[in-house]
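Note that the coordinates shown come from a computational prediction; the quantities given were computed from them, not determined experimentally.
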Amino acid sequence: MWIEKVNTEFKITTGEGSVFSVYWMNAEKSKEYNITEFTFPEVAGSYVDRRQPKGRKYNLEIFFQGDNHLEESAGFETAADDPRAWVISHPYYGEITVQPVSLSFDNKSHGVTKITGTVIETITNENPITSPAPFD
């Protein structure tokens with residue numbers, strides 16, 4: 001049931017290994033596909049060649065709150081600068097490997113740091129995997 005999932009802990013493990021348990025709101029994800037669009041002179045419309053889905057995008061809205069929220073959010077910001085992928089244990093979406101593309105830190109409310117941003121699901125191996133062409 002969804003209510004059981006809501007009560008599951010939201011954890012972020014950053015690339016350098018720090019683990020942050022955060023408060024969260026507003027689960028949101030989107031999906032796009034790898035496409036190539038072709039247009040031709042004198043032909044109305046477009047031909048779209050659709051392939052595999054790209055990594056899903058997740059909009060984050062997480063919070064640090066309490067007496068140490070400034071220190072916790074500063075530690076998170078420092079850890080987020082490591083270029084290695086994060087692993088997020090999300091109450092709705094399960095365990096996902098992501099790379100952050102943007103983060104915004106909001107300290108307008110005293111005692112709370114609100115962090116919003118976007119992360120993109122990433123594959124963990126180097127692609128494309130190629131092999132040398134055999135000689136004729």
Side-chain angles (χ1 to χ4, degrees):
M1 305 248 352
W2 70 269
I3 196 73
E4 293 167 359
K5 290 184 176 190
V6 168
N7 293 323
T8 305
E9 190 174 36
F10 188 128
K11 291 194 301 188
I12 298 173
T13 303
T14 56
E16 42 69 283
S18 295
V19 179
F20 297 89
S21 294
V22 297
Y23 298 95
W24 65 284
M25 291 185 71
N26 300 328
E28 189 177 326
K29 69 179 179 178
S30 63
K31 180 189 271 190
E32 295 179 13
Y33 293 89
N34 284 310
I35 65 153
T36 303
E37 181 180 2
F38 298 93
T39 56
F40 305 96
E42 306 299 323
V43 176
S46 300
Y47 173 73
V48 177
D49 180 20
R50 183 177 75 117
R51 301 296 172 118
Q52 297 297 315
K54 295 180 179 182
R56 289 180 288 258
K57 292 182 182 180
Y58 299 85
N59 292 325
L60 294 182
E61 186 174 350
I62 60 174
F63 302 86
F64 290 102
Q65 61 185 16
D67 292 339
N68 296 325
H69 75 96
L70 293 174
E71 292 81 6
E72 290 173 337
S73 64
F76 179 76
E77 183 175 9
T78 299
D81 288 343
D82 186 284
R84 291 171 284 190
W86 297 359
V87 175
I88 292 178
S89 180
H90 194 286
Y92 284 176
Y93 307 130
E95 191 169 287
I96 51 177
T97 302
V98 300
Q99 282 286 4
V101 295
S102 66
L103 294 173
S104 179
F105 293 75
D106 178 350
N107 293 110
K108 293 177 199 156
S109 298
H110 299 297
V112 176
T113 298
K114 175 182 173 182
I115 302 169
T116 55
T118 302
V119 296
I120 300 176
E121 195 168 18
T122 183
I123 52 179
T124 55
N125 59 337
E126 297 289 325
N127 273 313
I129 297 172
T130 60
S131 59
F135 291 102
D136 292 342

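- Within the model, atoms CG of Asp67 and CD of Glu72 stand 9.5 Å from one another, a figure rounded to the nearest 0.5 Å.
- For Trp24 and Tyr92, the distance between ring centers is under 6.0 angstrom.
- Side-chain atoms of Val22 and Phe63, non-hydrogen and from C-beta on, never get closer than 4.5 Å to each other.
- The nearest pair of heavy atoms linking Trp86 to Pro100 is CZ2-CG, 3.5 Å.
- Side chains of Tyr58 and Ile96 form a contact here, defined as non-hydrogen atoms less than 4.5 Å apart.
- Taking each heavy atom of Pro83 and Gln99 in turn, the nearest pair found is O-NE2, 3.0 Å.
- A 4.5 Å side-chain heavy-atom check between Lys29 and Lys57 finds every atom pair outside the cut-off.
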Identify all side-chain donor-acceptor contacts of residues 3-12 below 3.5 Å with residues at least two apart in sequence or on another chain.
unit_1, atom_1, unit_2, atom_2, d
Asn7, ND2, Ile3, O, 3.2
Thr8, OG1, Glu4, O, 3.2
Thr8, OG1, Lys5, O, 3.2
Glu9, OE2, Ser21, OG, 2.8

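- Using bins of under 30°, 30° to 60° and over 60° for the plane-to-plane angle, the ring pair Phe105/Phe76 lands in the tilted bin.
- Residues Glu37 and Ser46 have side chains that bring a donor and an acceptor to within less than 3.5 angstrom of each other.
- The shortest distance between side-chain heavy atoms of Glu61 and Asn26 falls below 4.5 Å.
- Gly45 and Thr39 get closest at one heavy-atom pair: O-CG2, 4.4 Å.
- Taking 4.5 Å as the limit, some side-chain heavy atom of Thr113 sits within range of a side-chain heavy atom of Leu70.
- Note on Phe38 and Val43: same hydrophobic cluster, where clusters join Ile, Leu, Val, Met, Phe, Trp and Tyr whose side-chain heavy atoms are under 4.5 Å apart, directly or indirectly.
- Shown here for Asn107 and Val112, the closest heavy-atom pair between the two residues is ND2-O, 3.9 Å.
- Note that CD of Gln65 is 12.0 Å distant from OG of Ser73, once rounded to the nearest 0.5 Å.
- Using a 4.5 Å heavy-atom threshold, the side chains of Phe20 and Thr14 count as touching.
- Between atom CD of residue Glu16 and atom OG1 of residue Thr78 there is a gap of 9.0 Å, rounded to the nearest 0.5 Å.
- Between Ile120 and Arg56, the closest side-chain pair of non-hydrogen atoms is not below 4.5 Å.
- To the nearest 0.5 Å, atoms CD1 (Ile88) and CD (Glu121) are separated by 10.0 Å.
- For Asn34, the CG atom is densely surrounded, since the number of other residues' heavy atoms within 6.0 Å is greater than 12.
- Of all heavy-atom pairs spanning Arg50 and Tyr33, the tightest one is NH1-CE2, 3.0 Å.
- Counting only heavy atoms from C-beta outward, the side chains of Asn59 and Thr116 never approach each other to under 4.5 Å.
- Here the closest heavy-atom approach between residue Leu103 and residue Ala80 is recorded as CD1-CB, 3.8 Å.
- Note: the hydrophobic cluster containing Val48 does not contain Phe40 (ILVMFWY, side chain heavy atoms under 4.5 Å, direct or indirect links).
- Distance OG/Ser18 to CG/Asp82: 9.0 Å, rounded to 0.5 Å.
- Although no hydrogens or angles enter the test, the distance criterion places no donor-acceptor pair under 3.5 Å between the side chain of Glu28 and the main chain of Ser30.
- Of the inter-residue distances, the one linking Ser104 atom OG with Ile115 atom CD1 reads 9.0 Å to the nearest 0.5 angstrom.
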Requested in this report: Report the C-alpha distance between Val98 and Thr122 in whole Å, list the side-chain angles of each, state the deciding distance to 0.1 Å, and finish with yes or no for side chain to side chain contact (heavy atoms under 4.5 Å, CB included).
Outcome: CA-CA 5 Å; Val98 300; Thr122 183; 5.6 Å; no
